[in-house]
Amino acid sequence: RLMQEQWEAERQEYEQRIDDLQARVDWLFSKLVDAGVQVPEDERMAGREFSAERPVVLGVWPQSDLLIRAEIDAILQSGVKYDVLDERVTKTRLINEVDRLKPAILHVGAHATADGVKLDDGIARINFWRNLVTEVYPFRLVVLNACESLDIADAMYDAGVSAVIGMRKEIDDRVAVEFTRSFYAWLLRGRSVEQAVTLASMGLAHTDAERIKVRGNWKIGE
């Protein structure tokens with residue numbers, strides 16, 4: 001049994017390394033596409049789709065003890081175009097950045113409760129996030145990588161966002177980073193939000209996967 005457990009641990013580590021390498025390949029291809037380089041189809045990832053259309057992501061990380069840099073790197077490796085808001089993350093600055101960028105995807109990595117998300121100037125409650133959608137910009141996808149954010153996700157979905165991901169109960173920080181890395185990789189391979197959530201959750205423990213909920217659906221290019 002000990003040898004079997006050791007083999008399983010080595011297998012999972014090997015698979016994670018493959019996923020990390022593939023994510024870096026995706027990112028390098030995205031840079032080639034940006035530079036106008038024509039990449040022959042047969043030199044792309046064998047059996048893997050790569051989407052040249054990459055939506056803009058606004059990543060929002062208020063000051064906290066979370067693994068912010070690891071989460072930022074996880075998104076970067078997927079190859080999306082994104083701006084980072086990780087200093088002076090106030091409600092006013094967030095509104096201005098959303099209005100300026102008009103990003104397809106809003107990704108929030110922060111501490112939260114059922115009452116709201118903790119920004120640098122206090123709690124942004126449910127009405128704030130609902131109004132952000134209706135009065136500033138209707139995102140195609142919102143990822144609330146924050147504990148107990150399901151009520152906020154429901155409010156944003158009801159307000160018009162095509163798809164919202166929220167967390168039921170608390171979620172471990174490392175699990176959130178692992179989910180982020182895998183989710184964006186699948187999304188950039190042409191999977192829908194629902195499919196990407198399912199595939200990314202398959203690599204997590206069952207109890208962790210059950211905490212991640214999605215409302216609605218969307219696919220890059222739609």
Side-chain angles (χ1 to χ4, degrees), residues 9 12-13 15-16 19-20 23 57-78 82 84-87 89-91 94 105-133 139 141-159 161 163-187 193-218:
Q12 291 179 359
E13 181 180 358
E15 290 179 349
Q16 184 61 59
D19 287 344
D20 290 344
V57 176
L58 174 59
V60 178
W61 288 276
Q63 294 301 305
S64 71
D65 57 352
L66 300 175
L67 299 175
I68 293 174
R69 196 53 49 188
E71 191 168 351
I72 292 174
D73 289 344
I75 297 178
L76 173 64
Q77 290 173 4
S78 72
Y82 79 107
V84 174
L85 182 59
D86 61 351
E87 295 181 358
V89 184
T90 64
K91 301 179 190 69
L94 175 55
I105 300 173
L106 177 69
H107 182 104
V108 180
H111 286 300
T113 67
D115 292 331
V117 178
K118 184 178 180 181
L119 301 184
D120 289 343
D121 62 341
I123 301 296
R125 301 188 182 278
I126 291 179
N127 280 341
F128 171 85
W129 300 101
R130 181 186 293 112
N131 292 336
L132 191 65
V133 174
F139 312 99
L141 167 64
V142 173
V143 180
L144 297 172
N145 218 8
C147 299
E148 300 182 10
S149 55
L150 195 55
D151 287 346
I152 303 171
D154 287 339
M156 297 184 83
Y157 177 65
D158 291 341
V161 180
V164 185
I165 297 171
M167 305 298 165
R168 186 174 67 86
K169 300 183 179 180
E170 296 182 356
I171 188 164
D172 183 80
D173 198 13
R174 297 184 187 278
V175 173
V177 172
E178 182 181 349
F179 170 76
T180 296
R181 178 183 294 109
S182 184
F183 169 75
Y184 281 101
W186 284 113
L187 193 68
V193 170
E194 283 188 346
Q195 291 171 328
V197 168
T198 298
L199 290 164
S201 298
M202 287 171 63
L204 305 177
H206 176 72
T207 52
D208 292 324
E210 281 295 302
R211 300 173 189 269
I212 301 169
K213 301 297 180 181
V214 59
R215 302 289 191 249
N217 202 15
W218 175 69

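We number each residue from 1, following the sequence as shown.
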Greater than 12 external heavy atoms within 6.0 Å of K118's NZ: no

Are side-chain heavy atoms of W61 and V84 found at a separation under 4.5 Å? yes

With the side chain counted from C-beta on, respond yes when V214 and V164 share a heavy-atom pair under 4.5 Å apart, and no when they do not. no

Work out which heavy atom in G216 is nearest to a heavy atom in A163; give both atom names and the distance. C-CB, 4.0 Å

Can you check whether V108 reaches V143 side chain to side chain, under 4.5 Å on heavy atoms? no

Rounded to the nearest 0.5 Å, how far apart are CG of D120 and OG1 of T90? 7.5 Å

Is the shortest heavy-atom distance from the side chain of F128 to the side chain of K91 under 4.5 Å? yes

May I have the step-by-step check of side chain to side chain contact (heavy atoms under 4.5 Å, CB included) for V89 and Q63, ending in yes or no? CA-CA 8 Å; V89 184; Q63 294 301 305; 5.9 Å; no

What heavy-atom pair brings A159 and V133 nearest, and what distance separates the two atoms? O-CG1, 3.7 Å

Distance (rounded to the nearest 0.5 Å) between L94 CG and L119 CG: 6.5 Å

Mind running side chain to side chain contact (heavy atoms under 4.5 Å, CB included) on V60 and H107 for me, showing each step along the way? CA-CA 6 Å; V60 178; H107 182 104; over 6 Å; no

Which distance, rounded to the nearest 0.5 Å, do you find between the CE of M156 and the CG of L141? 10.0 Å

Between R69 and D86, is there a salt bridge with N-O shorter than 4.0 Å? yes

Tell me if a side-chain donor or acceptor on D151 pairs with a main-chain N or O of A114 at a distance below 3.5 Å. no

Spacing of CD1 belonging to I165 relative to NZ belonging to K213, to within rounding of 0.5 Å: 12.5 Å

Give the C-alpha distance, both sets of side-chain angles, the deciding distance and a yes or no for side chain to side chain contact (heavy atoms under 4.5 Å, CB included) between I75 and F183. CA-CA 9 Å; I75 297 178; F183 169 75; over 6 Å; no

D208 side chain to L204 main-chain N or O, any donor-acceptor pair under 3.5 Å? no

Side-chain heavy-atom pair L66, E71 within 4.5 angstrom cut-off: no

Looking only at heavy atoms, which two atoms of W186 and A200 are closest? And how far apart? CD1-N, 4.1 Å

Keeping the roles fixed (side chain from S149, backbone from M167), state whether a donor-acceptor pair exists under 3.5 Å. yes

Would you mind reporting whether L106 and L132 have side-chain heavy atoms less than 4.5 Å apart? yes

Supply the atom-to-atom distance T113 OG1 to I123 CD1, rounded to the nearest 0.5 angstrom. 6.0 Å

Taking all non-hydrogen atoms of both residues, which atom of A112 and which atom of E148 are closest, and how far apart? O-CB, 4.5 Å

For F139 and I105, what are the C-alpha separation, side-chain angles and deciding distance, and is it a side chain to side chain contact (heavy atoms under 4.5 Å, CB included)? CA-CA 6 Å; F139 312 99; I105 300 173; over 6 Å; no

Q195 versus N217: any side-chain heavy-atom pair under 4.5 Å? no

Nearest 0.5 angstrom please: I152 CD1 to R130 CZ, how far? 10.5 Å

Heavy-atom donor-acceptor pair, W129 side chain to A124 backbone, under 3.5 Å: yes

